Amino acid sequence: MSASNIFAGERLRGTAASVLPLALILLAWEAVCRAGLVAPTLLPAPSVVLLRWIALLPDPDFLHHVAQTMIRLLSGFAIALAAGVSIGLLASRGGGGLLEPVIRVLAPIPKIALYPAFVLIFGFDHASKIALVVADAVFPILLATFHGARSVEPKLLWSAWAAGASRRATIFTVVLPSALPSILTGCKIALLISCVTVFLAEMISSTDGLGHLLIRSARSFRIVDMFVPLVTISTIGLLLNAALVAVRNRLLVGHGNHR
Amino acid sequence: MSEPMIAIQGLTKRFSTADGRKHLAIDDVNVEVAEGEFVSILGPSGCGKSTLLYMVGGFVAPSAGAITVQGRPVTGPGPDRGPVFQEFALFPWKTVLENVMYGLRQQGVSKAEAEARARALLDMVHLKDFADFYPKELSGGMRQRVAIARTLAYQPQILLMDEPFGALDAHTRTVLQNELLGIWERDRKTVLFVTHGVDEAVFLSDRVVVMTRAPGRIKKVVEIDLPRPRVRAELLVNRRYQEYIVELEQLIEDVHLEAAGA
Amino acid sequence: MKSALRKLGPAASTVLSLGALLVLWEILARLAQIDGFPPATEALVQVPLILGERESLASIGASLWRMFLGGALALCFAVPVGLAMGRNKRIAQALNPVLTAAYPIPKAALMPIIMLWFGVGDLSKVLVIFLGVSLPLIYHSFHGAHAVDEKLLWSAMAMGMKPVARLFKVVLPSALPDVLLGCRVGLAMALIVMISSEMIARQSGAGDLLFNALDMALYGDVYAMIVILAAIGFVLDWVFERVRRRLVHWAESRQDAMVPGGGV
């Protein structure tokens, strides 16, 4: 399965065949721009965007914005991961009856609406954006952990208890590994949500970061510079997703085939 | 007779169904199993025989009655009673060797010693060369061998076997029955063996407990007085063996008829 | 406490936990004493005031209407595409890389670009919602159609059912649990894209109201708007979940039905 293949389950034969449609779209886009069918102030050619992107990559100012975004993205995701897995595990071993209705209330709330509140409470700097990333990313991880831990084959637990493992020991030696495929699926969703959330937060109110770059470029109608942050955050998303898939393949060697 | 290894008295189990009604799964079962005895519980599916075994294992709590193991009441699972499940219940994220080592490690045995003992057991179940495989890479018969080795590793006094060969093909099943008998005849653990196979029960057991269905009660206990060590080819032409098979088949048939009539 | 909650049933326990969260908010806010974090009571009294105001009510209504339009368009477009992908390898191969590339792009972030193209009117806002909803819908429809039991299709073929009839009489019903799961994710997505694109564009709508209140330091109004948007999210999800359960009561319950997900 190709690492960046979000629509998993279908093994695609040959990378050439799988990249071809995308290449065709880009080529058509390029051709339309070169032929002068659209104003370059409205839609820049992909080659122009790419060249601009490559030119910016070594630029320290640009890298500073990338770094700000990454700090928020990764710390938010890390906090969501730690909180989601521990709360999910705890809730699955008891207390689930208390937690479930709370999640039922909180999960469907559009977290982005909380952003103004986070700004008011945590200020305009890193903290409010990290808080938003946590609020958005924690639910997929928490729910995936909870369901994964709940659906542990009871006979695995029985086997461990009969072998003399304590209840606490089985949380780490049986429940957590059993729930791992589910947790990683939750992480995959959460990681993508984190990328999107941090970018939107930076667009809405920020003085730095990739999202801010897009807004800054939009204010002066620099269309090429508007595409660059979008391409960057999407690339970051795909790379992080590929990294997660690699980690997953490492961790799940023994597990059967999981999506 | 000395104190029984397992004593089950007035054991009863009720389940609540989804619509809130009570379902009587096991009703007033009394059994005693002596140390070193191989006892099968034979009955049609849905007679609660697995539930009975789970209660002895301490995985499921009885609604009424008492189970004692070596005179001590069962309050939960413990390493004196090792389960072997039809579904194997191997840890899929651990290799064969790690699975067998698990119980020993949980009991604080050093890694080196646990590994040595696990390897010896794998040798015994003919899986020496598969130590580093993952369960998913093994056939059903091999997986069940691993599960048996994993349970034997922490040396339980009692083996609780829940239709352990039920998911295997006919040939593998006979091979594993022979191997189990070989292992048992060497160290004579107490075995409680749940099955719905008449020939399997007769071939392996000292006694067969036949159960009725809905609710599960003991219909009859049949002593299997056949010489050991048992060899399948010899038994097949043994008159007494044949008579046991016929008797038990008849009993199972009666159970089905009673259930249909009820 | 735990068993008591369970006995109460889901509806009562939801109401109870909602109450508990509001009480928690009230206590935290009174303890924290921050201007930007007013107690629940101060925010809640603003809710009827905002909803009673013609202008803000119309603004929220317009937002919901755009959301409905974008969602409906996405439904008509994405479900057939997803089903076709799930049943036809060539279509899947052709669209897969395109969708994979599009997946991590924050859809609401396209707002400034789309506004350059189509202006600041409704068209841009509906379009961005359409984009946001389409991807999860295609994804889940694809999975649903892909997982259709081959033997069901063989039986239909043996009965002489034609390909188009098979798509609507076998594939769609079989995939319905997944499609509806996609709709639920899509619904959440529509709301998120709606709010964030309005926050970015700052032209009109619920997201704009929210930030206007923030700019004017009307903290009670900010939190009241958050409560309103949260309530919209909760109610839409609750209603849809009832509908979904009714439509696919025959399917085995799915655990991931609670997982919200997908990109924005």
Side-chain angles (χ1 to χ4, degrees), chain A residues 4-7 9-10 12 17-19 21-22 25 42 94-95 97-98 100-117 119-121 139-140 143-144 147 151 186 189 192-193 195-197 199-200 203-204 211 214-215 218 221 223 226-227 230 233-234 237-238 241, chain C residues 1-3 5-6 10 13-14 16-18 20-21 34 36-37 89 92-101 103-106 108-110 112-113 116-117 139 142-143 146 188 191-192 195-196 199-200 210-211 214 219 222-223 226 229-230 233-234 237 255-256 258-264:
Chain A
S4 58
N5 189 0
I6 304 266
F7 289 73
E10 187 77 23
L12 296 174
S18 68
V19 177
L22 196 60
I25 289 179
L42 286 183
L98 274 177
E100 259 189 272
V102 176
I103 292 176
R104 251 205 309 276
V105 172
L106 292 180
I109 293 177
K111 308 305 171 297
I112 190 85
L114 298 175
Y115 186 50
V119 168
L120 286 176
I121 297 170
F139 284 98
L143 291 170
H147 288 306
S151 53
I189 297 170
L192 202 72
I193 289 181
C195 287
V196 169
T197 305
F199 195 83
L200 291 180
M203 282 180 78
I204 294 166
L214 172 51
I215 287 297
F221 301 103
I223 189 83
M226 288 167 75
F227 275 86
L230 274 173
I233 192 73
S234 304
L238 286 177
N241 188 57
Chain C
M1 178 77 179
K2 193 169 113 195
S3 56
L5 266 182
R6 200 162 284 161
S13 59
T14 304
L16 258 185
S17 53
L18 181 63
L21 285 169
I34 310 173
F37 186 33
K89 260 196 181 144
Q93 281 193 337
L95 292 182
N96 199 336
V98 181
L99 293 168
T100 303
Y103 211 76
I105 300 174
L110 296 174
I113 294 172
L116 271 183
W117 295 347
Y139 176 78
F142 165 75
H143 267 294
H146 191 71
L191 193 60
I192 294 167
I195 297 169
S196 39
M199 282 178 170
I200 292 165
L210 182 50
F211 257 75
L214 182 65
Y219 299 138
V222 170
Y223 283 83
I226 292 174
L229 289 172
F234 180 79
D237 186 69
Q255 286 178 330
D256 52 355
M258 259 178 98
V259 177
V264 178

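The structure presented is a predicted model; accordingly, all values stated were derived computationally and were not measured. Below, read A as the first sequence line, B as the second, and so on, with proteins coming before strands; counting in each chain starts at 1.
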For the residue pair C/Phe142 and C/His146, does the interplanar ring angle fall in the parallel (under 30°), tilted (30 to 60°) or perpendicular (over 60°) class?
parallel
A/Pro116 meets the side-chain contact (heavy atoms from CB on, under 4.5 Å) criterion, sequence neighbours left out, with C/Met199, C/Leu210, C/Phe211, C/Leu214, C/Val222
Against chain C, work out which of A/Ala218, A/Gly237, A/Pro110, A/Gly186 has the most heavy-atom pairs shorter than 4.5 Å and name it.
A/Pro110
Counting heavy-atom pairs under 4.5 Å with chain C, the top scorer among A/Ile112, A/Ile215, A/Ile233, A/Leu214 is A/Ile112
Looking only at heavy atoms, the pair that brings C/Leu229 and A/Ala113 closest together is CD1-CB, 3.8 Å
Can you see which heavy atom on C/Ser13 is nearest to which on A/Arg104, and at what distance?
OG-NH2, 3.3 Å
Portion of C/Tyr223 that has a non-hydrogen atom of chain A nearer than 4.5 angstrom
side chain
Given a strict heavy-atom distance threshold of 4.5 Å, which part of C/Leu21 is in contact with chain A: side chain, backbone, both, or neither?
side chain
Engaged part of A/Ile25 at the chain C interface, taking heavy atoms whose separation is under 4.5 Å:
side chain
In terms of heavy-atom pairs under 4.5 Å with chain A, which of C/Leu110, C/Leu95, C/Asp237 leads?
C/Asp237
Short question: side chain of C/Ser17, backbone of A/Pro101 - any donor-acceptor pair under 3.5 Å?
yes
